[in-house]
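Quick caveat: nothing in here was measured; it's all calculated off a predicted structure.
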Amino acid sequence: MEEKKRPLHSKRPAHRPEHLRGGLQPENGEQAPHIRKKKKKPFFIIKFVVYGVAAVVVIYAAYYAFTTAFTMGGEAVEVSDEQIPAQDVIVTIPEGSTTKEIGEILEQNGLIDSVTMFRLHCRLNGYDGTFHFGTYLLHTGMDEDQIAAVLQSGEQYVSDVRITIPEGFTLEQIAARIEENGLMTAEELIAEAENGDFSYDFLPAEKGERKYRLEGYLFPATYDVPEDATAHEVLTMMLDRYAITYQTIVAENQTGYTNDEVLILASLVESEIQVPEERAIAAGVLYNRLREGMPLQIDSTVQYALGTRNEVVTYDDLEVDSPYNTYEHTGIPIGPICNPGDEAIQAVLHPDDNNYLYYVVERRGSGNHVFCETYDEFLAARQAYQDSFSQ
C-alpha cells in the first residue's frame, strides 16, 4: 500500500520526531507527563531599575567632579580653598521647611550650587527630615555633609554684640551702654552687680559704705557679648579682664598702699586727667598731698557722690555729706569712683617724682592742666581759669 503524501503547502510534518513529541516516551507505554513551558520573566523591569540607579550614580559623580574642578582654556583646573576663600554666612531655616526649600535658601546664599543635587544628596544619605529650623552660621567652604551636620545639630547661631566701655565709665554709665545695645536693662545689670555671687580675690570682702560693690573692677575694653548673655555673664567678662590687670598691680605695687587703694587712686586720675602725659604727674600730686596730710580735694569725687557730671562744682556741692567727698574727708576715698584703664593704673604704680601740690584746668574747654607747687601759684592759675569763662 502506497504512503500518502502530504500537500506541499502544508507546514505540518507528516511524522513528528520522537524528541518533539512531549519528550522521552516511557518504556512501558504509559502516557508521558506533560511538561509546562516556563514563561519568560519581565527582565526589562530589572534592567530599568539597574539603568536608573546607574544614571543617578553617574549624574552624582559628575556633579562632584564639576564642583571640584572647572575648565579653563580646555584644561581642567582644580579649585582650592586658597583660590576661593570661604566666607561666613548666616542663614535662617523657617519651621516646617522641606529639603527643597532648605536647598533654595542655601543656594541663594551661595552655599550650594544646585538644589536638585542637594536634595539628591540628602535622600541618598538619609538626611531628609532630620534638619532643625533656626538660625545657623555656615560658610561657603562647607560641603553638603558639613552643612547637613550643622542643620542636624540644632545648635543655634547667636550673634555677638560688640560693646566698647571707655576708660573712666562708672557702673551706671556701663549699665546705660549695655541697655543702649539692647542686651538688658540698666537696672538688671546694676542689680546683678550688687547682688550677684562673684568669687574673686581682688574684690572687697564687704561692700561697706561703697556706693557700688563692683565699681572700679569692671575693666574698660571692647567686648563681644552674645545676644543672649545674662547680666552675670556680662559682668564676669569684665571682671575676668580686670583679673589680668590685677596681676600687674600685684607684681608692680611698691607704693606702700594696698592694691585696692592703688585702684581707687587710679580711678581719681582717670576721672580728672584727659591728657595721657599728665597722668603720672597728677599721680605724683596725689601722693604728695597724702604725705602732707592734706585733703585730696578732687572735684570728681564730689560729682560721684552727687551723681552728676557738671563742668563746674559749686561751693554748695562741696558740702555734700558723703564718704566720697575728698573736701570733707582726708585720705583716700572709700572706694573707686569709676573704672580706670591700664594707663591710669600704671601712672599710680609709677608716679612722677615732683613737688606739685595743686593742679588747675588751664582754661575753659581745655584738657590741659597747670601744676603748681605753692598755694599762691594755685590761686593765680585758678583765677586764669575763671577768667577764661568770659573770654
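Checked against side-chain hydrogen bond (donor to acceptor under 3.5 Å, both in side chains), Thr164 has the following partners two or more places apart in sequence or in another chain: Thr222. Legend: residues meeting ring pair (Phe, Tyr, Trp, His ring centres under 6.0 Å) with Tyr315, ordered by chain and number and at least two apart, are absent. Under the rule for a salt bridge (Lys or Arg N to Asp or Glu O under 4.0 Å), the partners of Asp260 that lie at least two apart in sequence or sit in another chain are Arg210. Under the rule for a ring pair (Phe, Tyr, Trp, His ring centres under 6.0 Å), Phe219 has no partner lying at least two apart in sequence or in another chain. Residues forming a salt bridge (Lys or Arg N to Asp or Glu O under 4.0 Å) with Arg382 (at least two apart in sequence, or on another chain): none. Qualifying ring pair (Phe, Tyr, Trp, His ring centres under 6.0 Å) partners for Tyr217, counting only residues two or more places apart in sequence or in other chains: Phe202, Tyr242. Every residue two or more places apart in sequence or in another chain was checked for a ring pair (Phe, Tyr, Trp, His ring centres under 6.0 Å) with His350, and none qualifies. With sequence neighbours excluded, the residues forming a salt bridge (Lys or Arg N to Asp or Glu O under 4.0 Å) with Asp128 are Arg123, listed by chain and number. Residues forming a side-chain hydrogen bond (donor to acceptor under 3.5 Å, both in side chains) with Thr130 (at least two apart in sequence, or on another chain): Gln152. For Arg289, there are no salt bridge (Lys or Arg N to Asp or Glu O under 4.0 Å) partners, not counting sequence neighbours.
Residue pairs meeting the salt bridge (charged side-chain N to carboxylate O under 4.0 Å, His left out) criterion with at least one member in residues 291-304, sequence neighbours excluded, do not occur. Among residues at least two apart or in separate chains, there is no salt bridge (charged side-chain N to carboxylate O under 4.0 Å, His left out) pair with a member in residues 318-328.
Between Lys207 and Glu194 there is a salt bridge, since a side-chain N of the basic residue sits under 4.0 Å from a carboxylate O of the acidic one. Ion pairing between Glu215 and Lys211 fails under the 4.0 Å rule for side-chain N and carboxylate O.
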#### Entry: Pair Tyr358-Tyr375, side-chain contact (heavy atoms from CB on, under 4.5 Å): steps then yes or no
CA-CA 8 Å; Tyr358 311 92; Tyr375 186 65; 3.6 Å; yes
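Within 6.0 Å of CZ in Arg119 there are 12 or fewer heavy atoms belonging to other residues, nucleotides or ligands.
Side-chain atoms of Thr314 and Asp317 form a donor-acceptor pair, as typed in the model, at a separation below 3.5 Å.
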